[in-house]
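Below is one structure; the comments refer to it alone.
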Amino acid sequence: MTFRTPTGGTIDRNTLLHFTFNGRKLTGHPGDTLASALLANGVHEVGSSVKLGRPRGIVAAGSEDPTSLVQVEEPFPEPMLLATTVELFDGLVARGLAGQGRLAPEPDPARYDAKHEHCDVLVVGAGPAGLAAALTAARSGARVVLVDEQNQAGGALLGVDEYLDDRPSAAWVADVLAELRSTAGVLVLERTTAFGMYQDGFVLALQKRTDHLGFAAPAGVARQRVWRIRTRQIVLATGAHERPVVFAGNDRPGIMLASSARTFLHRYGVLPGSRAVVFTTNDSAYCAAIDLAESGVDVPMIVDARPEAPARLATECAARGIEVRAGHVVIGTEGAGRVTDAHVAPLDGVAGHCDTVVCDTVLVSGGWNPVVNLFSQARGKLRYDAELGAFVPGEELETVRVAGSATGELDLTACVRQGRNAGASAAISAGFTPRGQMPLPVSDSRCTSRSGLVLWRVPGDDDASFVDLQRDATVADVLRATGAGLRSLEHIKRYTTIGTAHDQGKTSGMIAAGIVAEALGVELADQRPTTFRPPYTAVSFAALAGRDRGELHDPVRVTAIHPWHVAHGALFEDVGQWKRPWYYPQAGEDLHTAVLRECKATRESVGMMDGSTLGKIDVQGRDAGKFLDMLYTNMMSTLKVGRIRYGVMCGVDGMVIDDGTVIRVGEERYLVTTTTGNAAKILDWMEEWLQTEWPHLDVHCTSVTEHWATIPLVGPKSRDVLAAVAPDLDVSNEAFEFMTWHDTHVAGVPARVCRISFSGELAYEINVTAWHGLAVWEALMAAGEQYGITPYGTETMHVLRAEKGYPIIGQETDATVTPQDLGMSWAVSKKKPDFIGKRSFARAENNRTDRKQLVGLLPVDPSVLLPEGSQIVETDRLPEPPVRMLGHVTSSYPSAALGRTFALALVRSGHERIGETLYVPVEDSLVPVTVTESVLYDKEGARRDG
Amino acid sequence: MTVSPLAAWRGRLAALAPALAVAERPFRSQLTVRASEPSAIAAMGSALGVVFPSVPCTFTAGSGQFGDVEVLWLGPDEFLVVAAPDLQVSIEEVLRGALGSSRGSVVDTSAQRTTVILEGPHVRDVLAHGCSVDLHPSAAPAGTCVQTLLARTGIILQVTGPDRCTVLVRSSFAEYLAAWLSDACVEYQAAAP
Amino acid sequence: MQLIPCPWCGPREEAEFHYGGQAHVAYPEDPSALTDEEWAQYVFFRENPSGPFAERWSHSAGCRRWFNAVRDTRSHDLLAVYRAGEPMPEVLS
């Protein structure tokens with residue numbers, strides 16, 4: 001049997017859409033939601049409740065619906081959608097849920113994106129008030145964005161068949177919309193829900209752009225978009241949701257909000273059932289009753305809780321054979337699945353007389369809740385309106401105005417007037433002058449009076465009286481909470497879970513507050529409503545992520561030489577956002593064998609790596625030396641032009657924050673290098689001191705990190721390789737000393753060559769502009785071929801430096817390590833009157849002898865590799881906990897040069913423990929290790945000069 | 001032999017047309033100038049034939065001994081001088097001369113960033129997918145030059161015409177920018193006739 | 001996403017800025033003249049008021065200038081911004 005009316009609604013009756021629900025093949029029309037199509041097929045039972053497994057139907061027609069949760073299976077699995085907000089398309093496959101859905105195990109092929117939009121006036125809601133606000137603001141010349149969650153403008157007008165100015169209201173809507181669309185600077189976004197309001201006019205809105213197209217959605221178009229709207233003024237015309245009344249058995253399918261039934265009728269041409277009992281506390285449900293009766297639904301009775309029915313409407317009902325029972329309420333229902341009977345009794349003296357009315361539908365209206373979610377998110381205070389039985393905006397905000405039924409106003413003309421005024425004042429606040437005032441339409445509506453009775457619940461079986469239909473939370477649960485001593489609505493919400501489902505309590509929250517107030521005997525006006533938080537409706541993580549996934553999730557930074565590394569099979573290590581070659585495995589090699597080979601080749605002949613990621617900062621100015629003297633622990637102003645010095649930087653607390661080399665380029669110019677990970681941080685650090693403490697200093701810092709490609713050329717044969725590609729350069733040890741630099745040409749390209757070493761070997765660092773990096777790298781490879789030149793990655797670099805006891809900032813250090821702890825007192829100036837960190841070195845804490853200090857560890861068994869991060873203990877047997885930890889292993893490698901494994905570690909009083917045996921718990925055993933100095937290879941420094 | 005950061009992307013960027021005309025303009029001479037004394041700034045401007053921008057978030061253009069030169073405002077005492085390729089050494093020398101003994105610095109940063117030219121009716125739309133700055137012509141007319149974020153990378157964005165922008169990006173982030181632009185253009189390619 | 005008005009570039013999204021802690025904590029003239037306690041005050045101790053708080057921000061993704069802002073820590077509202085070196089303006093919280 002069909003429940004589709006012969007005419008009416010905005011559906012396209014000429015087109016049939018096929019869909020499958022719970023395995024049943026059904027049909028609907030374009031313009032339907034899944035919910036309206038189900039109702040048209042007589043399907044009320046959608047799913048079941050999460051805790052009790054009771055059948056759940058369709059309560060509302062829009063996003064406030066607490067019950068109609070479905071899982072879409074095709075075209076792509078998506079859980080927890082509301083049947084009332086899923087637009088029907090051909091081929092849709094869905095099923096009802098029991099409160100929980102299923103995420104797709106496969107990646108979502110759809111695209112998602114975000115877009116920033118700026119405007120003067122943002123209007124949320126394209127109902128009568130919102131349209132009036134948008135048009136008024138648009139006519140003033142302001143940039144206007146109008147967003148609405150429906151697929152067409154009109155708001156509440158979509159659910160009625162009323163006339164404005166003697167024309168169908170749709171004509172009035174179409175006129176306003178047409179003018180908006182033709183006005184420059186106006187953006188109208190349909191299917192777009194403003195879900196979050198944040199500071200400074202920032203509003204997030206989710207646009208469902210191709211969901212409704214189903215299988216026909218074009219592949220290149222983002223399915224959903226998060227609009228990041230920045231606006232100067234906001235008009236909230238978010239409307240009102242009808243509020244139910246709680247009674248025993250109020251959760252059965254077939255029990256629906258009266259205005260929603262009216263919407264299904266007028267918008268979709270769908271009848272909610274064959275025989276409907278209407279239960280109301282106010283006038284508005286009379287219109288639903290009359291409309292449905294005129295459309296062929298048998299409406300035996302209106303049950304009006306008020307002592308007296310409205311005379312004019314009652315007369316109209318009588319003329320249609322509808323009995324009006326004033327002073328009565330529905331006290332219970334029957335039905336195995338869908339409702340089959342309603343029990344009607346007087347409000348006072350419920351126990352006495354009771355009538356049973358056979359029906360398949362119960363339409364309920366308990367009044368209206370203004371949608372104040374966004375206003376509350378904007379930190380607007382709410383006020384309890386006792387006549388309305390709802391919280392309404394309780395103050396005016398500087399940039400947020402509320403208009404229409406969101407204020408509690410229910411008269412259409414008044415709503416439009418509010419919208420017009422809000423639009424005008426928003427435009428004025430944004431600096432525009434309203435012009436061409438739109439006329440107020442005259443409505444023929446009969447049911448807009450707000451003279452309702454505030455009734456939260458009908459006394460009855462508390463365990464069967466559902467407050468939150470999605471959470472299976474009943475009146476009994478609320479009373480249990482208040483009985484347990486809970487007073488605050490926030491606590492009761494969490495105790496009962498009311499309002500925590502997908503709908504965030506759109507229909508249940510106010511009622512829960514009312515029942516709590518009654519139970520506690522307090523005034524609602526004195527109660528603080530629960531805080532409304534984003535999102536207003538559910539937003540998928542995919543939409544929030546947008547295009548920030550896959551390769552765009554986080555930038556991958558690469559050097560100019562990167563293509564060579566890729567072409568030569570390098571494996572990469574992430575260092576910050578950089579991809580750095582980790583090692584270059586040859587056929588059959590794993591990490592260890594490749595690194596042993598790379599280390600050996602470098603120490604015995606020549607190796608080369610891409611060091612372009614090192615931070616580089618140009619420091620210029622008369623006071624550059626003075627400035628660097630303050631930043632580094634050692635003296636930089638005494639460095640001679642042409643020379644290089646290693647330096648350590650500390651924070652004011654005396655802890656090491658970075659290290660690197662400093663090149664004196666000229667009398668007033670230095671080039672500072674930083675570790676790869678700290679390049680940006682150290683430039684910021686320098687700017688911070690210059691701008692906030694020492695603006696009088698004549699110093700300027702400029703990042704040149706990516707201007708230069710940097711290639712360390714390392715090993716005893718590096719001199720020969722360099723000589724081959726730098727014919728202008730005298731590479732002899734006498735002419736090109738350690739810790740000096742020369743400008744020259746390398747492979748025909750202007751280059752700066754520095755003689756520095758991070759391995760202890762003879763080594764050069766070749767710097768050319770990044771554009772030349774790849775060509776120079778290839779020239780060095782060619783020149784080194786006869787020596788078996790070996791490209792190496794970060795792992796080999798780490799081993800080579802660790803063999804020499806050189807710490808890596810961030811690996812050996814962790815913001816609690818001083819230069820002295822690292823054994824670098826030699827790099828701490830005794831002469832300088834001050835530098836950053838100096839005063840802290842004199843603090844008692846920094847002079848404790850039991851500080852953790854950097855040492856080497858040699859496992860007694862030279863084949864044992866200690867896991868990095870391992871703890872270090874004093875005894876060969878673990879005592880009862882707590883066990884005193886002496887420190888931890890910071891670096892650990894097998895070494896080709898040492899022919900054994902070794903480690904660096906931070907150990908309490910480490911410098912005094914040289915020669916001691918300590919123990920490292922590894923899995924179930926304690927590995928004995930000998931403490932040594934941190935320098936393990938070439939302690940005399942004999943290899944430096946080749 | 002020189003290789004620019006987006007050399008490998010030339011074909012893929014060109015294929016974004018007609019949604020958006022995207023092309024790298026590599027190897028331009030770029031110098032970061034720090035100076036605050038008006039006389040020094042004026043002297044540097046006259047040496048190059050361009051008036052340095054005095055308004056934040058703008059750029060200026062002019063022409064002189066080095067041909068067409070643009071000067072981008074990067075901060076209250078910081079500018080980026082941009083000219084045709086291979087002029088950085090001589091421009092640095094001239095700027096140093098003009099700066100004289102005034103406080104300031106001149107640094108060759110030509111390879112620090114690369115330049116991407118974007119042109120087409122969708123240019124503001126595409127950028128709005130990742131840039132939070134208002135690019136409406138009333139808020140960002142030609143001559144605007146902002147340093148901001150585009151998605152997850154820092155950029156310098158010059159508005160050079162009604163449908164035309166120049167984006168400068170750090171060389172190591174250039175491929176991310178190219179990948180992001182390619183993805184952001186997909187929708188406009190789909191919509192293109 | 002809050003807007004922070006950079007004194008040079010105008011209002012920009014918070015993501016473009018770095019936080020720099022309490023403003024107007026000057027590096028001591030002569031750290032060596034301070035007692036351990038006085039030095040520790042400088043290094044480790046900062047105000048944590050409920051209400052207006054002068055703090056430093058850097059427009060790190062923009063013009064890279066440090067500036068000061070008075071922020072109401074209860075609402076995050078920025079009551080004033082001013083350039084480094086300028087005195088803190090009077091604000092009404």
Side-chain angles (χ1 to χ4, degrees), chain B residues 32-36 52-59 71-80 103-105 107 109 112-113 127-136 138-141 143-159 167-170 172-173 176-177 180, chain C residues 1-30 52-91:
Chain B
T32 302
V33 174
R34 302 290 293 269
S36 43
F52 274 46
S54 54
V55 179
C57 302
T58 62
F59 73 96
V71 183
L72 284 54
W73 185 96
L74 299 186
D77 68 347
E78 185 170 357
F79 306 91
L80 189 70
R103 271 178 77 134
S105 70
V107 183
T109 51
Q112 175 85 347
R113 298 181 183 88
L127 292 172
H129 288 292
C131 178
S132 67
V133 172
D134 187 0
L135 298 175
H136 190 270
S138 64
T144 298
C145 174
V146 291
Q147 294 166 91
T148 184
L149 297 170
L150 181 66
R152 293 171 181 260
T153 181
I155 57 164
I156 303 172
L157 174 67
Q158 287 175 270
V159 180
V167 172
L168 288 87
V169 64
R170 297 273 290 250
S172 67
F173 286 96
Y176 168 79
L177 175 80
W180 187 90
Chain C
M1 182 76 76
Q2 188 166 11
L3 289 179
I4 296 177
C6 168
W8 302 101
C9 302
R12 295 288 184 87
E13 290 200 344
E14 184 186 346
E16 294 192 6
F17 297 82
H18 273 175
Y19 184 62
Q22 185 178 352
H24 309 299
V25 181
Y27 186 77
E29 280 289 312
D30 181 6
F53 184 46
E55 56 196 18
R56 303 185 309 158
W57 287 87
S58 166
H59 189 193
S60 47
C63 65
R64 301 194 303 121
R65 284 325 103 159
W66 282 89
F67 60 92
N68 298 317
V70 181
R71 180 176 60 99
D72 189 322
T73 59
R74 296 163 299 189
S75 64
H76 293 305
D77 289 338
L78 291 169
L79 307 174
V81 295
Y82 51 108
R83 294 172 183 177
E86 291 179 354
M88 178 175 154
E90 291 287 318
V91 293

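Note: hydrogens, waters and symmetry copies are ignored here, and every other heavy atom, side chains too, is used. Lettering of chains follows the sequences in order, A, B, ..., and the numbering in each one begins at 1. Quantities reported herein were computed from a predicted structural model and do not represent experimental measurements.
For the pair B:Leu149 and C:Ala15, the tightest heavy-atom approach, listed with the atom from each and the gap, is CD1-O, 3.9 Å.
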Are there any donor-acceptor pairs closer than 3.5 angstrom between chain B and chain C, and if so, which ones?
{"residue": "B:Asp77", "atom": "OD1", "partner": "C:Arg65", "partner atom": "NH1", "Å": "2.9"}
{"residue": "B:Glu78", "atom": "OE1", "partner": "C:Arg64", "partner atom": "NH2", "Å": "3.2"}
{"residue": "B:Glu78", "atom": "OE1", "partner": "C:Arg65", "partner atom": "NH2", "Å": "2.7"}
{"residue": "B:Glu78", "atom": "OE2", "partner": "C:Arg64", "partner atom": "NH2", "Å": "3.3"}
{"residue": "B:Gln147", "atom": "O", "partner": "C:Arg12", "partner atom": "NH1", "Å": "2.8"}
{"residue": "B:Gln147", "atom": "NE2", "partner": "C:Gly62", "partner atom": "O", "Å": "3.4"}
{"residue": "B:Thr148", "atom": "OG1", "partner": "C:Glu16", "partner atom": "OE2", "Å": "2.3"}

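Side-chain contact between C:Cys9 and B:Pro56 is absent, with no heavy atoms from C-beta onward closer than 4.5 Å.
Residues passing the ring pair (Phe, Tyr, Trp, His ring centres under 6.0 Å) test with B:Phe79 are B:Phe52, sequence neighbours excluded.
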